[in-house]
Amino acid sequence: MAELLAVDELRAGYGKAVVLSGVSLSLAPGEALAVLGRNGMGKTTLINAIVGVTQRFGGRIRLDGRDITALRPDQRARAGIGWVPQERNIFRSLTVEENLTAVARDGPWSLAKIYDLFPRLAERRQNFGGQLSGGEQQMLAVGRGLIVNPRVLLLDEPLEGLAPIVVDELMRALRRVIRDEGMAAILVEQNARKVLSVTDRALILERGSVVHAGDSAALRANREVLEAHVSVAQARPERARQPAVSN
Ligand SMILES: Nc1ncnc2c1ncn2[C@@H]1O[C@H](COP(=O)(O)OP(=O)(O)OP(=O)(O)O)[C@@H](O)[C@H]1O
Ligand SMILES: [Mg+2]
């Protein structure tokens with residue numbers, strides 16, 4: 001399959017500190033990639049370097065065969081890089097609907113489709129961003145990422161800090177976006193088991209380098225690698241006495 005996104009030997013960091021030391025990855029249309037790793041291993045730095053908001057020291061990024069390495073973040077967004085940042089970045093003083101329409105661009109992801117995906121946002125359409133619960137803010141952040149109709153959506157720990165019932169709601173939505181709608185995505189997560197059930201492939205970062213890359217299903221069954229590179233509590237099946245089954 002043709003490559004949609006190709007990251008080649010990307011090096012990035014802050015000031016003089018090189019955090020990402022030569023990371024390569026590729027994504028085909030409709031494919032989803034999990035990026036795993038413990039705190040501080042460089043996951044956000046990788047996402048932000050693709051978005052263009054982190055200092056780049058080397059490497060190349062291509063989208064649909066076009067070199068976007070030299071483009072500014074807003075130009076990369078227009079080219080099709082969608083982003084749901086770790087800190088959500090919604091407008092707190094705009095309503096839910098204004099948050100969405102402010103960034104909307106033509107494409108399959110319309111306001112109606114976002115509301116269909118997240119009925120809670122439809123109910124809260126006239127509430128201000130700052131009045132939303134953490135889960136609703138995250139749904140709005142995902143909605144904002146989708147309504148710009150990107151070619152590929154980068155999601156940075158979308159489940160972080162959410163109650164289990166909200167995690168399940170978001171996972172159902174993300175599964176629909178990725179599996180049913182075929183959105184190409186990079187999903188950064190600490191919860192390995194959850195994210196590996198919706199992605200095709202996975203890579204694990206350790207101190208800014210890729211230490212594992214492969215099939216999501218195979219990694220899901222590989223306790224040894226998960227326990228070595230992803231924190232054990234997160235690698236462990238939710239119900240310890242049950243055999244590992246896919247959900
Ligand atoms: N703005 C910054 N200035 C300097 N160093 C930074 C900055 N942001 C991150 N770092 C450093 O870069 C390294 C990678 O951080 P990064 O945020 O990419 O990790 P992460 O894998 O996303 O972690 P987490 O799971 O906690 O979000 C860390 O050592 C971190 O301290
Ligand atoms: Mg991070």
Side-chain angles (χ1 to χ4, degrees), residues 5 7-25 27 32-61 69 72-73 76-77 81-90 134-135 137-142 144-145 150 152-164 166-167 170-171 174 185-199 201-214 216 219-220 225-236 238:
L5 179 71
V7 172
D8 187 25
E9 288 294 317
L10 190 59
R11 298 172 71 244
Y14 309 91
K16 285 182 185 157
V18 179
V19 168
L20 221 58
S21 42
V23 169
S24 300
L25 62 86
L27 205 64
L33 173 75
V35 173
L36 304 170
R38 295 196 178 92
N39 289 121
M41 291 304 181
K43 304 182 298 296
T44 295
T45 306
L46 170 61
I47 294 299
N48 290 7
I50 298 172
V51 170
V53 295
T54 294
Q55 195 180 340
R56 188 185 59 90
F57 297 120
R60 283 202 317 157
I61 304 163
T69 318
R72 295 190 312 261
R76 294 189 196 190
I81 301 282
W83 183 32
V84 181
Q86 188 162 13
E87 56 283 353
R88 294 170 189 160
N89 283 1
I90 60 165
Q137 289 190 12
Q138 191 58 269
M139 290 172 198
L140 181 54
V142 174
R144 279 171 55 99
V152 54
L153 187 60
L154 314 182
L155 298 120
D156 196 347
E157 301 211 31
L159 311 178
E160 191 183 18
L162 302 180
V166 187
V167 167
L170 259 165
M171 280 306 296
L174 292 178
I186 298 181
L187 205 38
V188 169
E189 247 321 310
Q190 301 256 347
N191 190 327
R193 282 179 54 80
K194 284 246 186 290
V195 75
L196 291 174
S197 71
V198 295
T199 53
R201 288 185 298 121
L203 61 82
I204 300 178
L205 285 181
E206 194 149 302
R207 289 188 295 279
S209 295
V210 176
V211 291
H212 174 92
S216 287
L219 178 57
R220 210 155 178 255
V225 171
L226 284 176
E227 288 186 7
H229 303 293
V230 183
S231 61
V232 173
Q234 281 140 359
R236 197 169 281 156
E238 280 97 329

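Order of listing sets the numbers, starting from 1, for every ligand and every atom in it.
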Atom 26 (O) of ligand 1 [closest protein heavy-atom partner, distance rounded to 0.1 Å]: Asn39 ND2, 2.9 Å
Where ligand 1 meets Glu157 - atom numbers and elements under 4.0 angstrom, heavy-atom basis: 24 (P), 25 (O), 27 (O)
Test applied, side-chain contact (heavy atoms from CB on, under 4.5 Å); reference residue, Trp83; option that passes from Val51, Leu155, Val152: Val51
Exam field: side chain Ser24 to backbone Asp8, donor-acceptor pair closer than 3.5 Å: no
Atom 31 (O) of ligand 1: any protein heavy atom closer than 4.0 Å: no
Nearest protein heavy atom with distance in Å, relative to atom 10 (N) of ligand 1: Tyr14 CE1, 3.4 Å
Nearest-contact summary for atom 12 (O) of ligand 1 - protein heavy atom, Å: Val19 CG2, 3.4 Å
Enumerated ligand 1 atoms positioned under 4.0 Å from heavy atoms of Gln86: 27 (O)
Interatomic distance, Met41 atom CE to His229 atom NE2 [nearest 0.5 angstrom]: 9.5 Å
Proximal atoms of ligand 1 relative to Thr44 (non-hydrogen, under 4.0 Å): 17 (O), 18 (O), 20 (P), 22 (O), 27 (O)
Shortest protein heavy-atom distance from atom 14 (C) of ligand 1, along with the residue and atom involved: Gly40 O, 3.4 Å
Considering all heavy atoms, the nearest Leu226-Arg220 contact: CD1-O, 4.0 Å
Verdict with supporting geometry, Leu196 and Leu36, side-chain contact (heavy atoms from CB on, under 4.5 Å): CA-CA 9 Å; Leu196 291 174; Leu36 304 170; 4.2 Å; yes
Gap separating the CG atom of Leu27 from the CG atom of Leu33, nearest 0.5 angstrom: 6.0 Å
Modelled atom types, side-chain donor and acceptor of Glu160 and Gln190, under 3.5 Å: no
Degrees at the Mg ion (ligand 2) between the OG1 atom of Thr44 and the OE1 atom of Gln86, nearest 10°: 80°
Per-atom contacts, ligand 1 versus Gln190 - under 4.0 Å to a heavy atom: 25 (O)
Ile186 vs Ile50 side-chain heavy atoms within contact, under 4.5 Å: yes
Gly42-ligand 1 polar pair, N/O distance under 3.5 Å: yes
2.8 Å cut-off met by an N, O or S atom of Thr45 to the Mg ion (ligand 2): no
Closest non-hydrogen atom pair, Thr54 against Gly13: CG2-O, 3.4 Å
Contacting atoms of ligand 1, where contact means under 4.0 angstrom from a heavy atom of Arg38: 21 (O)
Residue Thr45 vicinity, atoms of ligand 1 by number, heavy atom under 4.0 Å: 14 (C), 15 (O), 16 (P), 18 (O)
